[in-house]
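Single-structure report; data block below.
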2 protein chains.
Amino acid sequence: MNLSTAPESAIPRQSLTSAVADKLREEIIRGTIPEGAQLRQDAIAIQYQVSRIPVREALRQLDAEGLITIVPNRGAIVPALSPTDIEELFTIRALLEPEILKHSIPRLTENDLEEAAVVLRRYETELQHEDHLFSWGRLNWQFHSLLYSRAERPHFMNIIRNVNNSGERYTRLQLYLTHGIARANQEHHEILEFCRQRDIAGACKLLRQHIQHAGQSLKEALQQRRASD
Amino acid sequence: MNLSTAPESAIPRQSLTSAVADKLREEIIRGTIPEGAQLRQDAIAIQYQVSRIPVREALRQLDAEGLITIVPNRGAIVPALSPTDIEELFTIRALLEPEILKHSIPRLTENDLEEAAVVLRRYETELQHEDHLFSWGRLNWQFHSLLYSRAERPHFMNIIRNVNNSGERYTRLQLYLTHGIARANQEHHEILEFCRQRDIAGACKLLRQHIQHAGQSLKEALQQRRASD
DNA sequence: GTTCTTGTATTTGGATGCATTTGTACTCGC
DNA sequence: GCGAGTACAAATGCATCCAAATACAAGAAC
């Protein structure tokens, strides 16, 4: 019997460590695990029905990704980010993402552009629902990463993904506090249009401004919120 | 008995995981562990007289740092970097490092500048010795990180450190293959002089060119070596 | 001789249990 | 009532043992 089949039919087995890391990453990004929360190895192990070993390894990985902070002998916490932290993260994005977009645009297919457009339409419909803030983050990342996907720059992508993950909680906050949803959506459409016209300079410049503006308005919103406390 | 002493005499206790990670990172950067080598958990555990648990956690961390690649159920290897990988790493550096230098220069003290000069002088003397290629890497990073130290941009620094670590083996290769030592040294002195004069634009521009040139010449050297194989 | 199969050895992945460290509340002394 | 010391509780760190997966090699079928 010949069992050789298409790769996509393979059962996607992953280690428990990876699975736990994915779950925790998701929960931290979504805010299910709030900022400042302590990540107890025992509690996580019990919750996911695994031993503490894969949990510990997952925590090490998330620490290296910048998503959590491990204090020796005292466990891991989800750090609260200061306005200057936010500024850093968005500055890094503003520097790296236009560069990768530059390399991706010439290789983007019509299909890629259509997929990106679909994501934007889904984004607009999701905004009608109650839990739009949660799904927004994933759709936003889907849109951005789709645009970068053809660059084939794995090191860029890893860093960009980690930085986006670290800041995504706050990106949602920015949209909520500053009512920046409409503007972000508008800019997304314009960026996509530049890509469709293969206008590399235009797309990259607008993308940089898009990120810089989001970072700046978020930083100001955070400072105001902090001042009012 | 009063054991309270000055802080610097405190026994620097760190977890075995961190210690193993530091050791492995050092060995990979120095090339003691060559590229393509498999990192056997058992062998490392025996070598350092620890169990495999801290070794596994250290490997996870190094994987997240981008220094090694873990294949599920098949262990970890030190990846060989292609010319395009090298181009990526140096492009990332060329984008991030001038930005952090910009924020650091205004806060650099005279003492900082003197320390950097000391590093450059040590660099020149080390070049006389046989094992100069090894010590060069550390001194190069010391110089660069000293210049960035006052920026207080931890996210930038983490990424920059990881990217430098990933490419350091090859940076040594570039100096060796292309005889770029003299030029690099010359550029270091010029960058330091710009910093001393608080010429932010000049320093950042030269730093960017310094990194870009090193990346470009290394990429070409690698392509030639690959073509001759 | 080549290829496929099967068994074994090696290696990684995970669970349990113990030691060490840290946090906390209670008590003792003043 | 207040502070210091101490005992207890809880969490992390690490080692040992076991299970699962992979790599390798020897042998059988063609």
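Quick caveat, the model's predicted, so the values are computed rather than measured. A, B, ... follow the sequence lines: proteins, then strands. Residue 1 opens every chain.
A:Arg74 has no side-chain polar atom (N or O) that falls below the 4.0 Å cut-off from OP1 or OP2 of D:dT12. Between B:Gln41 and C:dG13, a side-chain N or O to OP1/OP2 separation shorter than 4.0 Å is present.
Counted by atom type alone, B:Asp42 and B:Gln47 present zero donor-acceptor pairs between their side chains at under 3.5 Å. Between the side chains of B:Asp85 and A:His155, a donor-acceptor pair is found at a separation under 3.5 Å. Side-chain atoms of B:Glu27 and B:Thr32 include no donor-acceptor pair closer than 3.5 Å. For B:Glu220 and B:Gln216, the side-chain atoms include at least one donor-acceptor pair closer than 3.5 Å. Counting only N and O atoms by type, the side chains of A:Ser15 and A:Thr17 include no donor and acceptor under 3.5 Å apart.
Between B:His188 and B:Phe143, the angle of the ring planes lies from 30° to 60°, which puts this pair in the tilted group.
Under a 3.5 Å cut-off, the side chain of B:Gln38 and the backbone N or O of B:Ala76 do not form any donor-acceptor pair. Judged by distance alone, with hydrogens and angles left aside, the side-chain atoms of A:Asn165 form no donor-acceptor pair with the main-chain N or O of A:Asn162 at under 3.5 Å.
A:Ile46 places its CD1 atom 13 Å from the P atom of C:dA15, with the value rounded to the nearest Å. Taking atom CD of residue A:Gln38 and atom P of nucleotide C:dT22, one finds them 14 Å apart after rounding to whole Å. Rounded to an integer number of Å, the gap from CD1 of B:Ile68 to P of C:dT12 is 11 Å. Rounded to an integer number of Å, the gap from A:Gln49 CD to C:dG14 P is 16 Å. Whole-Å rounding puts the B:Asn73 CG to D:dA19 C1' distance at 12 Å. Computed from coordinates, the A:Asp42 CG to D:dG13 P distance equals 12 Å when rounded to whole Å. In this structure, CD of A:Gln14 is placed 16 Å from C1' of D:dA21, rounded to the nearest angstrom.
Sorted by residue number, the members of residues 16-23 of chain A with any non-hydrogen atom under 4.0 Å from DNA chain C read A:Leu16, A:Thr17. Across residues 50-65 of chain B, B:Val50, B:Ser51, B:Ile53, B:Pro54 each have a non-hydrogen atom less than 4.0 Å from an atom of DNA chain D (numbered order).
Heavy atoms of B:Ile70 sit nowhere under 4.0 angstrom from any nucleic acid atom.
Within the 4.5 Å cutoff, no side-chain heavy atoms of B:Ile160 are placed close to those of B:Arg93.
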